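A short worksheet on the structure shown next.
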Amino acid sequence: MQAAAVRDAASPEVSSAEPATLATARQLDIVAGHGEIYRLLIAIPPGPAPAAGFPVIYLVDGNALFATAVETAQLQGRRQDVTGVDPAIIVGIGYPIEAPFDGARRQGDLLPNEGGADRFLDFIEESVKPAVAALAAIDPSRQALVGHSFGGLFALHALFTRPEQFRSYVAGSPSIWWNARAIEVSEASFVARRRDAALPRLLITAGGSEQTRDARTSPERAQRLHMARMLDNAAEMALRLASSHRVTVKHVIFDDENHISVIPAMLARAVSFAIAGTAGRETTA
């Protein structure tokens, strides 16, 4: 006689699993003028848009950063009395892949060499913004660009070369070290130009452990940390820009966070900075 199957009474019966999705999020693949396909991940708040339209946050490295940004924006937006954060559209600009990063395309788009970053900025202005505006009413005066690492460098490049393209710029752990700190040439040109328009806003952040070395740090890693100067470069640039009076600057260090673990904290602060302008304890350069 065949023994009856035994099921632990404490274990629930599980049906077939389905992929989880983010509420209000949608996916759109679009072809840029230069022929590359990009994946837009877009989360639009439920309900009618305010009279001026929704503010919009554009994230580069969208495959990696979108979900965290959406969750933190929705959580903060639920308690506007505490956070001051209004409902906002979150747009992740990424690639048609399953992995969080496409290394080769990422570098081609984000690094300000050979016109790649400028071509990417053109694509955002000419294709991404209209695609988002076709889906919901947006507030053109409350648009922000957010990036981390190479994306943070890209945000700085955008600020220095196209300060009117966004109202707010967030440079998380920016790779200022790249190409012998060539971004500082763009910074100097930006500071030297006469400007009559409203001052752009910049949040520049880093993790407090991004230059930390300990007994586990290899000589090669120690040399790279010394070269990158993630904390020092960010602090020095924030101070220079604040002194220039060409941009409104906030400089925030997240204690005990490294180059990767800092990302959720950076995104939470980016949301509040871009949408509300203030949140929690900040260090102003």
Side-chain angles (χ1 to χ4, degrees), residues 58-61 106-122 124-125 144-213 221-254 258-259 262-263 266 269-270 273-274 282-285:
Y58 296 89
L59 308 160
V60 297
D61 287 328
R106 175 177 191 259
Q107 291 192 36
D109 286 334
L110 300 182
L111 296 180
N113 63 336
E114 300 180 5
D118 292 315
R119 185 181 65 180
F120 193 39
L121 283 168
D122 288 340
I124 294 172
E125 188 67 21
L145 177 66
V146 178
H148 172 260
S149 194
F150 281 164
L153 180 69
F154 176 76
L156 291 174
H157 174 76
L159 167 64
F160 298 151
T161 60
R162 307 187 191 192
E164 293 83 19
Q165 192 160 335
F166 299 92
R167 179 71 179 97
S168 302
Y169 298 79
V170 178
S173 303
S175 300
I176 295 170
W177 57 266
W178 179 80
N179 196 20
R181 301 213 299 262
I183 192 65
E184 293 177 355
V185 176
S186 297
E187 175 196 352
S189 177
F190 165 76
V191 169
R193 290 198 302 273
R194 176 179 174 82
R195 287 183 40 78
D196 297 318
L199 292 181
R201 304 168 67 245
L202 171 66
L203 170 64
I204 186 167
T205 73
S209 297
E210 293 203 52
Q211 283 183 213
T212 300
R213 289 172 284 179
R221 176 66 177 164
Q223 184 177 14
R224 182 171 178 79
L225 290 172
H226 177 73
M227 177 276 298
R229 299 180 75 247
M230 297 298 291
L231 287 171
D232 294 341
N233 281 339
E236 291 162 7
M237 178 173 284
L239 184 59
R240 288 194 304 270
L241 288 171
S243 301
S244 76
H245 305 294
R246 294 299 192 194
V247 61
T248 300
V249 184
K250 288 193 179 295
H251 175 221
V252 179
I253 301 300
F254 297 101
N258 59 48
H259 190 66
V262 75
I263 292 174
M266 179 275 293
R269 188 61 60 92
F273 176 80
E282 293 179 334
T283 301
T284 304

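These figures come from a predicted structure and were not determined experimentally.
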Open item on the list: With a 3.5 Å distance limit and no angle check, can you tell me whether Y169 reaches the backbone of H157 through a side-chain donor-acceptor pair?
Closed with: no

Open item on the list: Return the CG to CG distance between L121 and L110, rounded to the nearest 0.5 Å.
Closed with: 9.5 Å

Task: Check: D61 side chain, G147 main-chain N or O, donor-acceptor pair, under 3.5 Å - done: no

- [ ] Measure the spacing between OG of S244 and CG of L239 and express it to the nearest 0.5 Å.
- [x] 10.0 Å

Task: H259 backbone acceptor or donor facing H148 side chain under 3.5 Å - done: yes

- [ ] For the residue pair R106 and F154, establish whether any side-chain heavy-atom pair is separated by less than 4.5 Å.
- [x] no

TODO: Mind checking the OG1-CD1 spacing from T161 to I183? Nearest 0.5 Å is all I need.
DONE: 8.0 Å

- [ ] Grab the two heavy atoms, one from T205 and one from F254, that are nearest each other, plus how far apart they are.
- [x] CB-CE1, 3.8 Å

TODO: Compute both the distance and the angle, then confirm whether R246 meets the cation-pi test with F190: under 6.0 Å from the six-membered ring centre, within 45 degrees of the axis.
DONE: no

TODO: Evaluate the side-chain contact (heavy atoms from CB on, under 4.5 Å) criterion for residues H245 and L199: first the C-alpha distance (whole Å), next the side-chain angles of each, then the deciding distance (0.1 Å), finally the verdict.
DONE: CA-CA 8 Å; H245 305 294; L199 292 181; 5.8 Å; no

- [ ] Over all heavy atoms of both residues, which pair between S173 and V262 is shortest? Give the atoms and the distance, please.
- [x] OG-CG1, 3.8 Å

TODO: Hey, could you give me the CD/CG distance between E210 and N233, rounded to the nearest 0.5 Å?
DONE: 11.0 Å

Task: Salt-bridge present (R229, E236; N to O < 4.0 Å) - done: yes

Task: Residues F273, V252; criterion side-chain contact (heavy atoms from CB on, under 4.5 Å); working and verdict - done: CA-CA 11 Å; F273 176 80; V252 179; over 6 Å; no

Open item on the list: Are L145 and Q165 packed together at the side-chain level, in the sense that at least one heavy-atom pair is separated by less than 4.5 angstrom?
Closed with: no

- [ ] For N258 and M230, run side-chain contact (heavy atoms from CB on, under 4.5 Å): C-alpha distance rounded to whole Å, both residues' side-chain angles, the deciding distance at 0.1 Å, then the answer.
- [x] CA-CA 10 Å; N258 59 48; M230 297 298 291; over 6 Å; no

Open item on the list: I want to check something: taking the side chain as every heavy atom from C-beta on, are L202 and L156 in contact at a cut-off of under 4.5 Å?
Closed with: yes

Task: Taking every non-hydrogen atom, the tightest pair across R213 and A222 - done: CD-CB, 3.5 Å

TODO: To the nearest 0.5 angstrom, please state how far the CZ atom of R221 sits from the CZ atom of R224.
DONE: 7.0 Å

TODO: Check step by step if side-chain contact (heavy atoms from CB on, under 4.5 Å) holds for E187 and E184.
DONE: CA-CA 5 Å; E187 175 196 352; E184 293 177 355; 3.8 Å; yes

- [ ] For residues P163 and R193, determine if any side-chain heavy atom of one lies less than 4.5 Å from a side-chain heavy atom of the other.
- [x] yes

Task: Spatial distance of atom CD (Q211) from atom CG (D232) [nearest 0.5 Å] - done: 4.0 Å

TODO: Would you mind reporting whether F166 and I124 have side-chain heavy atoms less than 4.5 Å apart?
DONE: yes

Task: Sub-4.5 Å side-chain heavy-atom contact between L241 and I204 - done: no

- [ ] For G152 and P174, work out which heavy atoms get closest and say how close.
- [x] C-CB, 3.7 Å

Task: Any R240 side-chain heavy atom under 4.5 Å of V249 side chain - done: no

Task: Pairwise side-chain contact, R269 with V170, heavy-atom cut-off 4.5 Å (strictly under) - done: no

Task: Residues that Q107 engages under side-chain contact (heavy atoms from CB on, under 4.5 Å), provided they are two or more places apart - done: L111, F150

Task: Under 3.5 Å: donor-acceptor pair, side chain of R201, backbone of K250 - done: no

